[in-house]
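Worksheet: the structure to be examined is printed underneath.
Note that the structure is a prediction, hence the values are computed from the model and not measured.
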Amino acid sequence: MRIAIAGANGRMGRMLVEAVINHPDLSLAAALCVAKADEEGKDAAEFLGQQSGVLISSDLSVLKNADCLIDFTRPEGTLAHAKACQEYGVKMVIGTTGFSAEELSTLEAAAKDIAILWSPNMSIGVNALYVLLEKAAQMFNDQYDVEVYEAHHRNKVDAPSGTALKMAEVVAEAKGRKLDEVADWARHGITGVREFGRIGFSVVRGGDIIGDHTVSFTGPGERIELTHKATNRTIYASGSMQAALFLKDKDNGYFTMRDVIA
């Protein structure tokens with residue numbers, strides 16, 4: 001399966017390039033960057049001390065050489081890539097976060113033409129945790145207050161993280177509610193007594209934290225916590241490889257990592 005990598009000159013992009021090169025069932029077909037990036041025109045595997053034969057390019061027409069694009073960039077970049085993928089009939093695995101509801105609707109519409117798998121977190125462990133959260137939310141009534149804690153490195157630009165939002169969404173939907181109706185995004189000053197049934201968020205940005213997420217259910221006399229801590233970014237690359245292979249026989253459709261691990 002021929003794979004293209006978006007943001008191939010970035011930290012996550014390089015991990016994806018390395019994962020593709022080392023995967024027995026995948027080959028690197030294209031590597032994208034923004035226009036005028038310092039790495040443009042260089043071999044995508046140069047940072048590994050290797051030659052892949054694929055040059056990093058800002059020309060989206062290189063996507064015609066690929067079967068699937070893996071994209072962990074920014075919403076505006078991913079949406080531009082989606083248009084190009086529709087034009088060239090290229091599948092997409094998307095790990096980008098920070099999309100608005102309207103932007104996600106645009107991706108869902110594109111999935112009528114091409115196969116798209118979007119997940120705010122490609123980790124197999126995190127996606128297994130979504131399933132556990134759904135079951136926990138159904139077991140605990142509103143006497144148990146729900147709080148989503150997340151911590152990431154200082155360079156992350158969106159908050160709460162896409163993974164934290166998905167976790168809260170899973171809990172809300174399991175209780176038959178919409179997240180926007182029950183979310184407490186921030187607290188400051190005299191907030192008053194906490195209302196039952198609300199979902200709170202606590203966000204940390206600092207240092208080089210890869211990604212920590214905890215959902216707590218705090219009730220009378222006890223607290224139950226479900227936690228995932230990423231200790232290496234390779235979990236996201238590994239999950240992305242599995243996602244790409246999952247799409248191999250899909251012509252179109254909108255999928256998530258839950259479909260991969262089901």
Side-chain angles (χ1 to χ4, degrees), residues 75 94-108 117-153 156-206 209-231 235-236 239 243 254-262:
I94 301 172
T96 304
T97 61
F99 289 112
S100 67
E102 182 179 354
E103 288 169 336
L104 286 176
S105 294
T106 299
L107 292 179
E108 290 182 26
L117 187 150
W118 174 72
S119 178
N121 195 306
M122 291 292 172
S123 157
I124 298 301
V126 164
N127 284 277
L129 186 55
Y130 293 150
V131 178
L132 298 176
L133 284 170
E134 182 178 353
K135 295 184 180 298
Q138 292 167 347
M139 294 173 66
F140 299 125
N141 60 30
D142 284 346
Q143 294 292 314
Y144 288 79
D145 298 315
V146 181
E147 191 79 11
V148 182
Y149 304 84
E150 65 100 336
H152 282 86
H153 53 88
K156 186 169 179 59
V157 298
D158 57 309
S161 70
T163 300
L165 291 172
K166 180 63 177 178
M167 289 177 171
E169 185 179 274
V170 167
V171 172
E173 290 182 354
K175 293 179 176 292
R177 297 161 187 163
K178 293 186 179 297
L179 178 58
D180 285 341
E181 297 171 354
V182 297
D184 287 329
W185 302 110
R187 304 182 183 95
H188 179 73
I190 306 301
T191 61
V193 176
R194 180 169 183 154
E195 297 178 34
F196 287 114
R198 306 292 294 180
I199 298 177
F201 289 84
S202 300
V203 174
V204 173
R205 292 288 177 270
I209 302 170
I210 294 176
D212 294 351
H213 295 88
T214 294
V215 180
S216 69
F217 297 84
T218 305
E222 62 183 355
R223 182 170 71 249
I224 299 90
E225 296 181 339
L226 296 173
T227 296
H228 180 276
K229 293 186 177 184
T231 57
I235 59 174
Y236 308 131
Y254 192 71
F255 305 94
T256 69
M257 283 298 287
R258 186 158 184 172
D259 297 303
V260 177
I261 67 174

(request) For the residue pair H213 and T227, confirm or rule out a side-chain donor-acceptor distance under 3.5 Å. (result) no
(message) So that I can tick it off, tell me whether E181 and R198 are bridged by a salt bridge, with the cut-off set at under 4.0 angstrom between side-chain N and carboxylate O.
(response) no
(request) Please examine the side chains of I235 and I124, heavy atoms only from C-beta on, and report whether any two atoms are closer than 4.5 Å. (result) no
(message) For a quick check under 3.5 Å, do E147 and S202 share a side-chain donor-acceptor pair by atom type?
(response) yes
(message) Under a 3.5 Å distance rule, please check whether S105 uses its side chain to pair with a backbone N or O of A101 as donor and acceptor.
(response) yes
(message) If you count heavy atoms of other groups shown closer than 6.0 angstrom to CZ of R223, is the number above 12?
(response) no
(request) Taking all heavy atoms of H153 and all of I210, pick out the closest pair and write down the distance. (result) CD2-O, 4.5 Å
(message) Which label fits F140 and F217: parallel for a plane angle under 30°, tilted from 30 to 60°, or perpendicular past 60°?
(response) tilted
(request) Kindly indicate whether the side chain of V182, heavy atoms from C-beta on, has any atom under 4.5 Å from the side chain of K178. (result) no
(request) May I ask you to test the V171-I199 pair for a side-chain heavy-atom distance under 4.5 Å? (result) yes
(request) Given side chain to side chain contact (heavy atoms under 4.5 Å, CB included), test I224 with Y144 step by step and report yes or no. (result) CA-CA 9 Å; I224 299 90; Y144 288 79; 4.0 Å; yes
(message) Testing the basics here: between S216 and E225, what is the closest heavy-atom pair and its distance to 0.1 Å?
(response) CB-CG, 3.8 Å
(request) Would you name the heavy atoms of Y236 and A230 that are closest together and state the gap between them? (result) OH-CB, 3.3 Å
(request) For A151 and R205, work out which heavy atoms get closest and say how close. (result) C-NH1, 4.3 Å
(request) Heavy atoms only: give me the nearest M257-A243 pair and the separation to one decimal. (result) SD-CB, 3.9 Å
(request) To the nearest 0.5 Å, tell me how far L104 CG sits from W118 CH2. (result) 5.0 Å
(message) Less than 4.5 Å apart, side chain to side chain, heavy atoms only: is that true for V203 and Y149?
(response) no
(message) Any salt bridge linking R258 with E134? Criterion: basic side-chain nitrogen under 4.0 Å from a carboxylate oxygen.
(response) yes
(message) Rounded at 0.5 Å granularity, tell me how far OG in S119 sits from CG in N127.
(response) 4.5 Å
(request) State the CG-OG1 distance between D184 and T191, to the nearest 0.5 angstrom. (result) 8.5 Å
(request) Quick one: pull up OG1 in T214 and CG in D212 and give me the separation to the nearest 0.5 Å. (result) 7.0 Å
(message) Distance check, rounded to the nearest 0.5 Å: L107 atom CG versus E102 atom CD?
(response) 11.5 Å
(message) Under a 3.5 Å distance rule, please check whether E173 uses its side chain to pair with a backbone N or O of V170 as donor and acceptor.
(response) no
(request) Taking all non-hydrogen atoms of both residues into account, name the closest pair between Q138 and A174 and its distance. (result) CG-O, 3.8 Å
(message) Between Y130 and L226, is there a side-chain heavy-atom distance shorter than 4.5 Å?
(response) no
(request) Evaluate the side-chain proximity of F201 to L165: yes if any heavy-atom separation is below 4.5 Å, no if none is. (result) yes
(request) Carefully, step by step, assess T163 and E150 under the rule side chain to side chain contact (heavy atoms under 4.5 Å, CB included). (result) CA-CA 9 Å; T163 300; E150 65 100 336; over 6 Å; no
(message) What I'd like to find out is whether the side chain of V260 reaches to under 4.5 Å of the side chain of M122, using heavy atoms alone.
(response) no
(message) If you define the side chain from C-beta out and look only at heavy atoms, does anything of D180 sit under 4.5 Å from W185?
(response) yes
(request) Verify the distance criterion only: is there a donor paired with an acceptor across the side chains of T97 and D158 at less than 3.5 Å? (result) yes
(message) How long is the straight-line distance from NZ of K175 back to CG of N141, given to the nearest 0.5 Å?
(response) 7.0 Å
